[in-house]
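Right, one structure below, let's go through it.
Note that this is a predicted model, so its numbers are computed, not measured. By convention here, the first residue in the shown sequence is residue 1.
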Amino acid sequence: MRGVDTNVVDLRKQVYTEIARLSYDYDGDFQALKKDITHIPYDLIPGEVANYRDDVFLERAIIRERLRLAMGLPLRRADEMAPMGEGLEEAIKPEKYYQPPLIDIIKFACHSCPDNVVTVTDQCQGCLARPCTVVCPKKAVSIKNRRSVIDQDLCIKCGKCIDACSYGAIHRMTRPCASACGMKAISSDEFGRADIDQEKCVSCGMCLANCPFGAISDKAQIFQLIQAIKNENVPVYAAIAPAVTGQFGPDLPPNKIRSAFKALGFEDAVEVAIGADLCTIMEAQDFMEEVPEKLPFLATSCCPAWSVMAKKLFPQQAESISMALTPMVLTGRLIKKKHPECKVAFIGPCAAKKLEASRRTIRSDVDFVLTFEELKGMFEAKKINFKELPETEEMTGGSGDGRGFAVSGGVANAVVNYIKEVDPEREVKVASAQGLEDCRKLLMAAKAGKYDGYLLEGMACPGGCIAGVGTIQPIAKSKAANQIQQKNSVNAHANASEYKDLLASLSESDLKAPDEK
C-alpha cells in the first residue's frame, strides 16, 4: 500500500540509504567497502533479539540479500556457500547493468502463504441452519465442537460455502503476490514458497508491492549512479517522470526539484513530459495513418510491462502495438543530442523501466534507472533538507497532457486531444485498461474484433504510473497533485509547431522503437 510506512517499506528505505551512503563515501578502497557493507546488517538489526521474524540471524540474512539486490547483484541460495560480497568488485562499476532476473524472491524470507485455500474464520457462530454443510457438493464441510470445519483433501474450492454463510465467516485465502500478478507468473516451489516464472514475468513489480513479508525485491543501480555522478568529467542529467509531482511531500514543490537534484550531484533535471509530448505526436500520426486501413487498432507503447505482455501473449497482434519510442527513451535521446558526452538517469515510479533501459538498443540512451523510492534513499544519505533548498525555475517544456501520462487514461487522452486539433472531423474511439489482468481482457476482446478502429491504452499498474511499485505517496494524493500540475502547465496539449525544432533534431529512426522493444 503506497503511502503507508510499514516495516517492509522502512527496511527497504534503510537499505537504499545505506547503499547510497556507501557510494557517496567510497574513495576507491575496495577492501574498506567490503568491510563496510558486511557491517550494515548488524547496524540495521542490532542486538540479539529478533524484531520481526523467528530469529535475528534470519533477519540479518534477509538484509544481506536485500543489499545484494540493491547493488544489482543476484541472490544467493540458502544452500550455497558464497560470501556476501561475491561479485561486488564488478558490480560497483558505473557502466554495470544488473543481471537478470530484475525481480526475484528471497526464498528464506517467503512465508509460504497458502494459495486458494478456503478456511473457516473465528466469525463462525456455529449456527443451527449450517448452510455451509448443506451446499457443499463434496461434503467437505462438517461441524466439530459447534463450529464448521473444512476437510482440505475434499474441498474443491467452489466457493459455495462462502456464499452461503450469513456471517461471512468462510474466507478464500490467496497468496497476495500471486493475486497481484496479472501474468499468472507466480506459483509454488517444492517447499510451498512463491516462485516466479521469468518467462512470463514482465517486471511490473505488483508482486513486490503486495508481498506483506518483503520477500520480493528488484535490483537497483543506486551505487553505480552515484559513482557516475562523482565523475566530474562526465555530467549526469536526471530525466524525471511526470509522476514525480507530490512524491516527496509539500517540502519539495516543483520550483525546488532542480535544486534537489543538483544537491545530489546531478548536472540538471529535465522533464520527461517533453518526451511524452513527442510520443503523443508520433502515436497520433501512426493512428491517423494506419487505423483502420493498415491496422485494426493501435495500442499505446508507453508502459513497457503492458507492451511486453501484449507481445508475449498476443504475438499476432504485435504489429498493432505502437512503435513510437517511450517518453523515457525520447527524452534520453534529446538530452544526449544536446550533451553528447553526458549520462542520463531516468527517475520514475516503475520497475519495468529498468528492464526497458537494460535492453541493448536502449542502453546508449538511458544509462541508469532509479525509482522514487530509491531516490529517497539518496536524499536520506546526503541528509538533504528540502526546506533549505533555494527555489529555481521549474522544469519546463512539457504540456499538461504530457504530464498527464502519469495517470491511467492520460496517454490516450493526450493522443485524442492532439488528433482533434489536427483533424477535428475525425472520431477517435478509445478503450483503456489498468492492471495486467484487465489489460489481458482488453487485448482478448481486441483480438476478437471488438475494438476495431480503436485506440487502446494499457497500464500495468492500477491507477497508472502514479501507482508504480517505486512510488512513495498514496495513489489518490499523487493523482490530485498531478492534476494540479497539469492545470498549471503553460500549454494544455502537444502541438507539432511548438515541437518542430525537437522533431527536426531527431531522425525517423530516432523516433521509432527497434524490433527488440
Should the heavy atoms of other residues, nucleotides or ligands under 6.0 Å from NZ of Lys429 be counted, would the total exceed 12? yes
Distance-only, no hydrogens or angles: does the Glu271 side chain make a donor-acceptor pair with backbone N or O of Gly398 under 3.5 Å? yes
So do the side chains of Met309 and Leu313 get within less than 4.5 Å of each other, counting heavy atoms only? yes
So for atom NZ, which belongs to Lys420, do other residues, nucleotides or ligands contribute more than 12 heavy atoms lying within a distance under 6.0 Å? no
Would you say Glu425 has more than 12 foreign heavy atoms packed within less than 6.0 Å of its CD? no
Please examine the side chains of Ile196 and Pro101, heavy atoms only from C-beta on, and report whether any two atoms are closer than 4.5 Å. no
Determine, stepwise, if the pair Thr371 / Lys354 fulfils side-chain contact (heavy atoms from CB on, under 4.5 Å). CA-CA 9 Å; Thr371 65; Lys354 298 178 180 181; 4.0 Å; yes
Asn417 vs Glu421, side chain to side chain donor-acceptor pair (under 3.5 Å): CA-CA, chis, key distance, verdict: CA-CA 7 Å; Asn417 286 338; Glu421 290 194 2; over 6 Å; no
If the threshold is 4.0 Å, N to carboxylate O, is there a salt bridge linking Glu373 and Arg12? yes
I'd like to know if the side chain of Arg363 reaches the main chain of Ser358, judged simply by a donor and an acceptor atom lying under 3.5 Å from each other, with no hydrogens or angles considered. yes
What pair of heavy atoms forms the shortest contact from Ile475 to Ala467, and how long is it? CD1-CB, 3.5 Å
For the atom pair OG (Ser187) and CZ (Arg175), what is the distance rounded to the nearest 0.5 Å? 8.0 Å
At their closest point, which heavy atom of Ala178 faces which heavy atom of Asp115, and how far apart are they? CB-OD2, 4.2 Å
Looking only at non-hydrogen atoms, find the nearest pair between Ile257 and Ile240 and report the distance. CG2-CD1, 3.7 Å
Can you measure from CE (Met323) to OG (Ser307) and round to the nearest 0.5 angstrom? 10.5 Å
Parallel, tilted or perpendicular: rings of His339 and Tyr237 (30°, 60°): parallel
Leu375 CG to Phe248 CZ distance, which is reported to the nearest 0.5 Å: 4.0 Å
Is the backbone N or O of Val15 less than 3.5 Å from a side-chain atom of Arg66, with the two atoms forming a donor-acceptor pair by type? no
For the pair Ile229 and Met378, evaluate side-chain contact (heavy atoms from CB on, under 4.5 Å) and give the outcome as yes or no after the intermediate values. CA-CA 12 Å; Ile229 288 174; Met378 292 177 64; 4.2 Å; yes
Got Cys342 and Pro235 here, is their nearest side-chain heavy-atom distance under 4.5 Å? yes
Using a 3.5 Å distance criterion without hydrogens, assess whether the side chain of Asn210 forms a donor-acceptor pair with backbone atoms of Met206. yes
Looking just at side-chain N and O atoms, do Gln247 and Ser478 make a donor-acceptor pair shorter than 3.5 Å? yes
Rounded to the nearest 0.5 Å, what separation is found between the SG atom of Cys110 and the CG atom of Asp189? 7.5 Å
Treating Lys441 as the side-chain partner and Ala433 as the backbone partner, does any N or O pair qualify as donor plus acceptor under 3.5 Å? no
Test your reading of the model: is there a side-chain donor-acceptor pair from Lys479 to the backbone of Ser408, 3.5 Å cut-off? no
Ion pair Lys107/Asp79, N-O distance below 4.0 Å: no
First locate atom CG of Leu334, then atom CG of Leu278, and finally report the distance between them rounded to the nearest 0.5 Å. 5.5 Å
Walk me through whether Ser301 and Glu283 qualify under side chain to side chain donor-acceptor pair (under 3.5 Å). CA-CA 9 Å; Ser301 65; Glu283 292 194 343; 3.1 Å; yes
Looking at every heavy atom in both Leu355 and Val202, which two are closest together, and how far apart are they? CD2-O, 4.3 Å
Closest heavy-atom contact between Gln485 and Pro254? OE1-CG, 3.7 Å
CD/Glu341: more than 12 non-hydrogen atoms of other groups inside 6.0 Å: no
Scanning both residues in full, the closest heavy-atom pair of Pro349 with Cys465 reads CB-O, 3.1 Å
Pair Glu437 + Lys184: basic N to acidic O under 4.0 Å: yes
Basic-acidic side-chain contact under 4.0 Å: Lys353, Glu356: yes
Compare all side-chain heavy atoms of Leu436 with those of Arg440 and state whether any distance is below 4.5 angstrom. no
Looking at Asp365 and Gly332, would you say the former's side chain and the latter's main chain have a donor-acceptor pair under 3.5 Å? no
For Thr245 and Arg403, which I'm curious about, is there any donor-acceptor pair between the side chains at under 3.5 Å? no
Any donor-acceptor pair under 3.5 Å from Arg426 side chain to Ile419 backbone: no
Quick check: are there more than 12 heavy atoms from other residues, nucleotides or ligands sitting under 6.0 Å from NZ of Lys294? no
Using residues 445-455 as the side-chain source, report each donor-acceptor pair under 3.5 Å to any protein atom, sequence neighbours left out, with the distance given to one decimal.
none

Taking Glu65 for the side chain and Leu75 for the main chain, is one N or O donor matched with an acceptor at less than 3.5 Å? no
More than 12 foreign heavy atoms under 6.0 Å from CD of Gln152: is that the case here? yes
Can you tell whether the side chains of Glu90 and Lys93 come within less than 4.0 Å, N to carboxylate O? yes
Given side-chain contact (heavy atoms from CB on, under 4.5 Å), test Leu67 with Ile19 step by step and report yes or no. CA-CA 7 Å; Leu67 288 166; Ile19 291 297; 3.8 Å; yes
Quick one: does any side-chain atom of Gln224 pair with a main-chain N or O of Met71 as donor and acceptor, under 3.5 Å? yes
Find out whether Pro100 and Gln198 are in side-chain contact, i.e. whether some heavy atom of one side chain is under 4.5 Å from a heavy atom of the other. no
To the nearest 0.5 Å, tell me how far Lys376 NZ sits from Leu370 CG. 14.5 Å
For Trp306 and Thr300: C-alpha separation, side-chain torsions, deciding distance, then whether side-chain contact (heavy atoms from CB on, under 4.5 Å) applies. CA-CA 9 Å; Trp306 143 263; Thr300 59; 3.9 Å; yes
Side-chain heavy-atom pair Asp218, Leu208 within 4.5 angstrom cut-off: yes
Side chains of Val118 and Ile162: closer than 4.5 Å at any heavy-atom pair? yes
I'd like to check the side-chain hydrogen bond (donor to acceptor under 3.5 Å, both in side chains) partners of Glu457; sequence neighbours left out, ordered by chain and number. none
Is there side-chain contact between Cys439 and Met459, with heavy atoms separated by less than 4.5 Å? no
